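Taking it in order: structure first as structure tokens, then the write-up.
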Amino acid sequence: MIRLNDITSQLLSYHPKANAELVEKSYVYSAKAHQGQIRLSGETYLSHPLEVAYILTQMKMDVVCIVAGLLHDTLEDTDADLDEITRLFGEETANIVNGVTKISKMQFASHKERQAENVRKMILAMSSDIRVILVKLADRLHNMRTLGFHLSEKQRRIAEETLEIYAPLAGRMGIYWMKSRLEDLCLYYLELEIYEKIKTEISQRKGEREEFIREVKGLVSGKLSEFNIQATIKGRHKHFYSIYKKMVDQNLTVKQVYDVVAFRVIVKNIKECYEALGHIHSMWKPVPGRFKDYISVPKANMYQSLHTTVIGPLGQRMEVQIRTWEMDRVAEEGIAAHWRYKEGAIASKTDEEQFSWLRQLLEWQGSLKDPKEFLDSVRMDLFPDEVYVFTPKGEVKAFPKGATTVDFAYSIHSEVGGKCMGARANGKMVPLRYELKNGDIVEIITSPKQHPRKDWLKFTKTPRAKTRIRQWINAQEREGSINLGRDILERTIEKMHLTVPNIMKSDQMAAIAKDLSFHSVEDLVAQIGFGKVSPRHVVGRLKPKLGIKEEKPSGIVGKMVGRIKRRKSDHGIKVKGISEMLIRFANCCHPVPGEKVIGFMTRGRGITIHHEGCRHILKADPERLVEVSWEPSPDEKSLAKLRVTSVERKGVLADVSTILTQKDANIIHAEVKTTMDQKGIALFTIEVENYRQLQDIMGAIKKVRNVLVVERL
């Protein structure tokens with residue numbers, strides 16, 4: 001069993017000025033908190049936090065992290081509270097212990113690959129401090145080492161969870177020795193028979209392989225010495241899980257896996273790495289497609305090495321890794337390799353370059369001087385745009401940052417989303433606007449009387465939720481528009497003294513709907529309710545189908561009416577190619593022919609035409625905007641309002657009036673006033689033919705002496 005002295009001795013070996021007294025204080029606190037608790041192995045519970053703290057010293061962690069390791073189970077398994085830990089050991093330590101406790105309380109439901117990746121992302125996103133993950137990994141490693149005292153069912157569940165979540169996390173953090181040990185322990189509990197076969201095969205051929213390792217090391221060392229390259233060559237058996245993976249991937253038996261030995265060549269600098277690679281390739285033929293250059297393109301977790309596979313002296317495949325001593329240290333220790341324990345030490349330019357990967361993952365806050373300052377500066381920010389939460393059954397769901405409980409409800413099912421009236425997050429009632437946080441356990445409360453609301457669109461983030469809400473709203477609006485459109489059409493038919501027994505099932509109405517390119521009578525009637533189709537236009541088409549001939553006025557009156565109708569049809573506003581709409585022009589912006597316009601649909605009142613830049617249109621519901629085209633008539637005039645601001649000068653008004661006359665614009669109204677700062681403001685309402693004429697007038701007025709601003713109101 002690990003003792004306190006083992007931990008403090010290891011800590012002081014790499015950090016001589018470390019505060020060992022704080023470690024001793026946390027040991028005493030943990031011992032009191034866990035007093036009387038026994039593990040399944042029969043050992044006192046205190047043995048577990050001691051082992052975890054010792055693993056952290058092997059990773060060369062700082063004092064705060066080791067203290068957190070000693071205290072990591074106190075919140076979950078004892079009467080200790082967070083405030084007390086904060087008061088006694090500081091906020092940093094308390095935050096780490098609290099973070100580890102949150103992860104430990106998670107209940108993982110399924111073991112699908114995508115689910116496991118979401119869980120890994122969530123753990124990383126939840127951990128504002130890297131040390132939370134490192135303490136949890138150390139905790140899981142010791143638990144795996146003592147897993148044999150649990151029932152077989154629990155052994156399998158914990159091993160699966162470790163293999164899918166924690167071993168990959170160790171790899172992501174660059175701590176490959178821990179990843180390998182976790183994977184081997186998982187293999188033992190999940191595939192004991194295969195584990196024992198691999199173990200037996202390796203032990204039976206141990207002497208043979210050790211001789212092979214000595215031979216290869218001698219050959220490589222001799223070859224490199226010829227070129228004055230001083231190298232350390234290491235040969236090792238691959239860990240059991242990597243052999244197992246090769247068996248599964250290539251459908252091999254244990255005896256068919258030949259490359260179970262890997263070699264590592266460690267040299268002084270990068271130049272010698274590439275030189276050594278060339279010499280090794282000159283000795284043995286490289287396997288095509290098996291070369292990886294992680295020096296020029298490092299892995300995201302800082303790992304650097306040259307990887308190659310060659311056909312060795314006995315004709316079998318042989319993996320070789322080539323790296324510098326610094327690269328070897330990083331490969332062994334991962335993120336912990338860049339802690340700085342020497343007081344006052346400043347990171348070199350090389351270290352800064354190697355931290356470039358870290359900047360993508362961590363928030364940078366300060367220079368790197370000692371472990372405390374470094375760790376203070378480092379905060380995880382791996383997935384700033386994603387949030388990971390649990391369903392009550394333990395399934396993990398990913399959402400964009402800012403997503404709410406309504407987004408969560410719709411992710412379960414459209415019916416749940418539409419009927420949600422409230423939610424619980426971590427057992428507490430929260431509003432529908434509540435923004436989801438990493439690690440939340442969310443439960444939706446539904447009611448058969450509830451339905452989607454338009455204001456939900458303001459705070460939902462996921463496309464699924466927004467689409468479903470809009471679909472429901474559109475369906476409701478359509479139903480209302482059908483009822484309104486039917487009423488409007490029935491009243492119009494009644495005014496025309498016509499008789500149509502059942503509008504919705506009328507063959508004549510079905511024919512009109514088809515003529516106007518609608519799928520059904522319901523679609524046509526809905527558009528009348530929305531104000532997009534004129535009921536008079538529909539009735540006009542209905543008369544001939546009922547066998548009623550429209551009387552045409554004779555003589556001069558008839559000709560005039562015909563001209564007016566043609567002019568309005570040929571030169572008016574058109575919506576999607578259909579004329580004779582319920583059209584009116586907005587008084588707020590007074591659009592004129594020739595400028596870009598857009599229509600705003602008002603239920604039962606037709607379409608109001610605005611110019612595209614009108615402030616009311618910019619704030620309008622986009623669902624109610626319709627594209628329109630304006631075919632101006634040379635005989636029609638439109639009103640426009642202008643405000644001319646000028647320096648007070650006699651004759652300015654006369655100059656502006658002259659321009660309006662020259663440009664053939666009729667002045668309907670004019671108003672002039674003087675401001676306190678001696679500026680003149682003239683307001684004109686004029687008649688113009690089109691937008692081009694209006695622009696021409698405004699340009700001419702701007703050129704008048706002492707005119708400051710010309711604005712269209």
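All values reported here derive from a predicted model rather than from experimental measurement.
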Closest heavy-atom pair and its distance - [X], [Y]:
| X | Y | value |
| --- | --- | --- |
| A665 | I697 | CB-CD1, 3.6 Å |
| S411 | F399 | OG-CZ, 3.5 Å |
| I444 | A423 | CD1-CB, 4.0 Å |
| K663 | A700 | CE-CB, 4.0 Å |
| A620 | F600 | CB-CE1, 3.9 Å |
| A640 | V592 | CB-CG1, 4.3 Å |

Are the side chains of [Y] and [X] in contact, using a 4.5 Å heavy-atom criterion?
| X | Y | value |
| --- | --- | --- |
| I701 | L642 | yes |
| Y691 | Q695 | yes |
| L457 | R470 | yes |
| V672 | I681 | no |
| V416 | Y410 | no |
| L694 | R712 | yes |

With rounding to the nearest 0.5 angstrom, report the [atom1] to [atom2] distance, [X] to [Y].
| X | Y | atom1 | atom2 | result |
| --- | --- | --- | --- | --- |
| T405 | F459 | OG1 | CZ | 7.0 Å |
| M698 | D696 | CE | CG | 11.5 Å |
| M421 | H451 | CE | NE2 | 12.5 Å |
| L708 | K702 | CG | NZ | 12.5 Å |
| T462 | I469 | OG1 | CD1 | 8.0 Å |
| L618 | H610 | CG | NE2 | 11.0 Å |

[atom1] ([X]) with more than 12 external heavy atoms under 6.0 Å:
| X | atom1 | value |
| --- | --- | --- |
| K419 | NZ | yes |
| K437 | NZ | yes |
| Q450 | CD | yes |
| K466 | NZ | yes |
| Q471 | CD | yes |
| R464 | CZ | yes |

Can you check whether [Y]'s main-chain N or O pairs, donor with acceptor, with [X]'s side chain at less than 3.5 Å?
| X | Y | result |
| --- | --- | --- |
| N706 | V647 | no |
| D440 | V442 | no |
| N426 | I441 | yes |
| Q693 | E689 | yes |

Lys/Arg-Asp/Glu bridge criterion (N-O < 4.0 Å) met for R424, E443: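 Salt bridge flag = yes for E443 with R424.
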Between R486 and E522 (salt bridge meaning N to carboxylate O under 4.0 Å), is one present in this structure? no
Test log, rule side-chain contact (heavy atoms from CB on, under 4.5 Å), inputs I617 and H611: CA-CA 8 Å; I617 285 297; H611 72 67; over 6 Å; no
Residue pair D293 / S296, side-chain donor-acceptor N/O under 3.5 Å: yes
Is there a donor in the side chain of T404 and an acceptor in the side chain of R433, or the other way round, less than 3.5 Å apart? no
Are E595 and V597 close enough, and set up right, to give a side-chain contact (heavy atoms from CB on, under 4.5 Å), and what steps lead you there? CA-CA 6 Å; E595 72 176 318; V597 290; 4.2 Å; yes
